[in-house]
Amino acid sequence: LEGPFLCKERRGAHREDHLRRPDRAEFREYAKAARGLLRMMTIAPELPGALEVIREGSRRGVIMSAGHSMASAADVSRAVLGDGLRHVTHVFNGMSPLHHRDETILNAALLIDRLTCGFIYDRTHLSLGAAMILLKLKPPTSPVLVSDTVFALDAPDGEIVADGERYVINSGKVTVKSSGRLAGSAYSILDGVRFLIADTGMPPERAIGLASANPARLLGLYGRKGVLRAGADADVLLLDPRLKVRMAFVEGELLHGNHH
């Protein structure tokens, strides 16, 4: 879940009328309705009542993530130490920028090793320099490449109406027509892997690990997912040298491509 307990000023493309004040009873309703499928929730930790929701979520095994937030670094540290905050949603995006005196959520995200960080690398959400800062500062198992892909994945350029809002798609970039705000991406995670390799020169295995092994670690699935070894689930993509998918296996069964 990304929301609904988000900061109005940093809501990005989230509709303001969908945002709500953090409420533990309401969170329990979401968890109940999800029937065990709620694995992660983005919340603004500075909002009144947020720490109680973070505590309740982490008690239930939900990965509680800070995002769409104007939290101070102290707010974030408090949520990590006392309440079980573990992750930061699309770091740099939807949050106060880095500050050299009044330390922000971004300062904390980059410096607290216990916080893993999701990041979108679609050449729109982050500059190369910002991505490099993240990759240099965080432990190697921490950064998690995410797509921020929405309904517009692979859609042609043009306009789409969804959820009562009109969106513009232009070369993989999705914006809200009325405000011009970024509203997700039309690129896949594998596109992000390709962009990272092309732009940073990092080894392909490192970029692929940011999109497979690291998210598997965050979700507590490493060993079964995100690794090639006996006893794992055999979810395997076979890529050619240009990182095009040639074959896809799910639990050992060939679902895409052929053996030739």
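Quick note: numbers below take in every heavy atom, side chains included, and nothing from hydrogens, waters or symmetry partners. Just so it is clear, the structure is predicted and the values come from calculations on it, not from any experiment.
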**Message:** Strictly distance-based, threshold 3.5 Å: is any side-chain N or O of His68 a donor or acceptor partner for the main-chain N or O of Cys7?
**Reply:** no
**Message:** Quick check for you: to the nearest 0.5 Å, what is the distance between Tyr187 atom OH and Asp154 atom CG?
**Reply:** 10.0 Å
**Complete:** Closest heavy-atom pair, Leu237 versus Ala248, reported as atoms and distance to 0.1 Å, is CD2-CB, 3.7 Å
**Close side-chain approach of Phe5 to Arg20, heavy-atom, < 4.5 Å** = yes
**Asp23 side chain to Gly49 backbone, donor-acceptor under 3.5 Å** = no
**Prompt:** Which atom names give the shortest non-hydrogen contact between Val193 and Ala211, and what distance separates them?
**Reply:** CG2-CB, 3.7 Å
**Item:** Near-ring test His90/His125, centroid separation under 6.0 angstrom
**Value:** no
**Request:** Please step through side-chain contact (heavy atoms from CB on, under 4.5 Å) for the pair Leu190 and Val245, ending with a clear verdict.
**Result:** CA-CA 9 Å; Leu190 190 52; Val245 178; 3.5 Å; yes
**Complete:** Separation between CG (Leu134) and CG (Leu126), nearest 0.5 Å, reads 8.0 Å
**Asked** Considering all heavy atoms of both residues, which atom of Val176 and which atom of Ala13 are nearest to each other, and what is their separation?
**Response** CG2-CB, 3.8 Å
**Request:** Could you check Glu9, Glu46, Arg11 and say which one makes a side-chain hydrogen bond (donor to acceptor under 3.5 Å, both in side chains) with Ser69?
**Result:** Glu46
**Request:** State the CD1-CG distance between Ile105 and Leu110, to the nearest 0.5 angstrom.
**Result:** 10.5 Å
**Prompt:** Between atom CE of Met41 and atom CD1 of Ile63, what is the distance when rounded to the nearest 0.5 Å?
**Reply:** 13.5 Å
**Asked** Do Thr116 and Arg217 come within less than 4.5 Å of each other through their side chains, counting heavy atoms only?
**Response** no
**Request:** Could you list the residues that satisfy salt bridge (charged side-chain N to carboxylate O under 4.0 Å, His left out) with Arg166, not counting sequence neighbours?
**Result:** Glu159
**Residue pair Leu219 / Lys225, side-chain heavy-atom distance below 4.5 Å** = no
**Asked** Passes side-chain contact (heavy atoms from CB on, under 4.5 Å), Thr124 versus Ser185? Steps please.
**Response** CA-CA 8 Å; Thr124 296; Ser185 169; over 6 Å; no
**Prompt:** Is the CG atom of Leu255 crowded by more than 12 outside heavy atoms at less than 6.0 Å?
**Reply:** yes
**Request:** List the atom of Val144, the atom of Pro215, and the distance in Å for their closest heavy-atom pair.
**Result:** CG1-CB, 3.8 Å
**Arg60, CZ atom: more than 12 neighbouring heavy atoms under 6.0 Å** = yes
**Prompt:** Does Arg78 come within less than 4.0 Å of Asp83, counting only side-chain N to carboxylate O?
**Reply:** no
**Prompt:** Any side-chain heavy-atom pair from Leu196 and Phe119 closer than 4.5 angstrom?
**Reply:** yes
**Request:** May I ask you to decide if Ser171's main-chain N or O and Asp157's side chain share a donor-acceptor pair within less than 3.5 Å?
**Result:** yes
**Asked** Between Asp235 and Val250, is there a donor-acceptor pair closer than 3.5 Å when you use the side chain of the first and the backbone of the second?
**Response** no
**Request:** State yes or no: do Leu6 and Val91 share one hydrophobic cluster built from I, L, V, M, F, W and Y residues joined by side-chain heavy-atom distances below 4.5 Å, directly or via other members?
**Result:** no
**Prompt:** Out of curiosity, Leu210 CG to Ser142 OG, how far, rounded to the nearest 0.5 Å?
**Reply:** 9.5 Å
**Request:** Answer yes when Glu56 and Arg59 have at least one side-chain N-carboxylate O distance shorter than 4.0 Å, and no when they do not.
**Result:** yes
**Message:** Do Val88 and Met70 sit in one hydrophobic cluster, given that two such residues count as connected whenever their side-chain heavy atoms are within less than 4.5 Å of each other, even indirectly?
**Reply:** no
**Side chains of Phe27 and Ile43 in contact at under 4.5 Å (non-hydrogen atoms)** = no
**Request:** Test ring pair (Phe, Tyr, Trp, His ring centres under 6.0 Å) on Tyr167 and Phe151 and set out the steps.
**Result:** CA-CA 10 Å; Tyr167 299 93; Phe151 50 82; 5.1 Å; yes
**Request:** Determine whether Thr149 and Asp191 make a side-chain contact, defined as any pair of heavy atoms from C-beta on separated by less than 4.5 Å.
**Result:** no
**Complete:** Nearest heavy-atom approach of Arg194 to Arg242 is NE-O, 4.1 Å
**Asked** So, the side chain of Lys177 versus the backbone of Val161: is there a donor-acceptor pair under 3.5 Å, distance only?
**Response** no
**Message:** Do Leu81 and Leu51 land in one hydrophobic cluster if side-chain heavy atoms of ILVMFWY residues count as linked below 4.5 Å?
**Reply:** no
**Message:** Would you say CD of Glu205 has more than 12 non-hydrogen atoms from neighbouring residues, nucleotides or ligands within 6.0 angstrom?
**Reply:** yes
**Request:** Indicate the atoms forming the closest heavy-atom contact of Ile54 with Ala79, along with that distance.
**Result:** CD1-CB, 4.1 Å
**Prompt:** Distance-only, no hydrogens or angles: does the Asn214 side chain make a donor-acceptor pair with backbone N or O of Pro140 under 3.5 Å?
**Reply:** yes
**Any Val53 side-chain heavy atom under 4.5 Å of Leu47 side chain** = no
**Asked** salt bridge (Lys or Arg N to Asp or Glu O under 4.0 Å): which pairs involve residues 100-117, sequence neighbours left out?
**Response** none
**Message:** What verdict does the side-chain contact (heavy atoms from CB on, under 4.5 Å) test give for Tyr121 and Leu128, after you've listed the backbone C-alpha separation in whole Å, the side-chain angles of each residue and the deciding distance to 0.1 Å?
**Reply:** CA-CA 8 Å; Tyr121 196 70; Leu128 173 59; 3.6 Å; yes
**Asked** Got a donor-acceptor contact below 3.5 angstrom from the Arg181 side chain to the Gly12 backbone?
**Response** yes
**Rounded distance [0.5 Å steps], CE in Met64 versus CG in Leu85** = 8.0 Å
**Asked** Are Leu135 and Ile112 connected in the hydrophobic side-chain network, where two residues link if heavy atoms are under 4.5 Å apart?
**Response** yes
**Prompt:** Would you say the side-chain atoms of Ser96 and Thr104 include a donor-acceptor pair closer than 3.5 Å?
**Reply:** no
**Validation row: Asp233, Leu221 side chains within 4.5 angstrom (heavy atoms)** = no
**Prompt:** Taking the side chain from Lys138 and the backbone from Ile133, do they hold a donor-acceptor pair closer than 3.5 Å?
**Reply:** no
**Item:** hydrophobic_cluster_shared for Leu218 and Leu1, side chain cutoff 4.5 Å
**Value:** no
**Asked** side-chain contact (heavy atoms from CB on, under 4.5 Å) between Ser188 and Leu153: does it pass, once the steps are laid out?
**Response** CA-CA 7 Å; Ser188 70; Leu153 177 64; 4.2 Å; yes
